[in-house]
Amino acid sequence: MTSLLTVRNLSVYYGAKAQAAERVSFDVGTGSVVALLGANGAGKSSIMKAVAGLVPATGEITFDGEPVQSLPARQRVQAGIVYVPEGREIVGNLTVRENLVLGGYHVPGVARRARIDMVLDMFPEIANKADGPAWRLSGGEQQMLAIGRGLMAGPRLLLLDEPSLGLAPLLVHRVFERLATIRRETHLAIVLVEQNLRMTMRLCDEVHFLRSGRIVGWRRAQDLKGEAARQEAIDAYLGAT
Ligand code: ATP
């Protein structure tokens, strides 16, 4: 599988002392799903934001064969790198449809309308509420809207920051099910940040384990099928917590 995203020696600092990621390297193949797993504060969000160009970082980031580390975030979106933030950040006072329009602001009108239809098709829960204010959506529906808004930009790589955060188990299941469909139908590559290893396993091909800003190990998803194998990996890489 060809590499769509190549990250080499990526370090993220907030100020001179606070280092959130240190010399992180990983690859994401076209259409594959790679998960970053680690405790709170391990640096997962910082790595995703650095790939999206939202926080300053050092190191090399190559997307589809081109270096992108010096491009501003907007140009990375245009290249196909889209970040869906943790906490969703939808605009409550706008309608669901208007929130989707925001995600595809640079897409010409006809294509934009087609994409809105595609997203609403994919997430019937929010299609029923498309012309109502986004604040009326439940947590799970807001997460669907956030993912839908990300899809509006026509990404080739979606950076998904804790899509299960704050959701009831049934909704987590539904969101992951939908992501699996999107993956199957669009061959979109995904970098997924999660704390929920079991859900992550349903979607991803590879897991990188992060501890204090460093990748301390990785496993193929197929080698983490059983609960015992998952627990063994967590104990080995993240400590028995
Ligand atoms: P979480 O699951 O809690 O979001 P995470 O693994 O995504 O954690 P990051 O949010 O990347 O971790 O944080 C990594 C480290 O960087 C933490 O020590 C955090 O306190 C610090 N950090 C994150 N954002 C900032 C910021 N804007 N300014 C200063 N320090 C930050």
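Whatever order the structure lists them in is the order used to number ligands and atoms, beginning at 1.
The residue A21 has no part lying near ligand 1, judged by heavy-atom distances below 4.0 Å. Neither the backbone nor the side chain of K49 has any atom closer than 4.0 Å to an atom of ligand 1 (non-hydrogen atoms only).
The closest side-chain donor-acceptor pair between R219 and H208, if any, does not fall under 3.5 angstrom. Y13 and T58 are not linked by any side-chain donor-acceptor pair at a separation below 3.5 angstrom, with hydrogens and angles left out of the test. Between the side chains of D131 and T95, no donor-acceptor pair of N or O atoms lies under 3.5 Å. Looking at E206 and S32, their side chains never bring a donor and an acceptor atom within 3.5 Å of each other.
Heavy-atom proximity to E162, at under 4.0 Å, picks out these atoms of ligand 1: 2 (O). Ligand 1 places these atoms under 4.0 Å from at least one heavy atom of A39: 6 (O). Each of the atoms 2 (O), 5 (P), 6 (O), 7 (O), 8 (O), 11 (O), 12 (O) of ligand 1 lies under 4.0 Å from some heavy atom of K44. Heavy-atom proximity to A20, at under 4.0 Å, picks out these atoms of ligand 1: 14 (C), 15 (C), 16 (O).
Distance screen at 4.0 Å: atom 19 (C) of ligand 1 has no protein heavy-atom neighbour inside the cut-off.
Here the protein heavy atom with the shortest distance to atom 8 (O) of ligand 1 is G41 N, 2.7 Å.
Taking any N or O of A42, backbone or side chain, at least one lies under 3.5 Å from an N or O belonging to ligand 1.
Between R214 and F209, the closest side-chain pair of non-hydrogen atoms is not below 4.5 Å.
Closest heavy-atom approach to atom 3 (O) of ligand 1 among the candidates I47, N40, L165: N40.
Here E177 does not pair with R174 in a salt bridge; the nearest charged N to carboxylate O distance is not below 4.0 Å.
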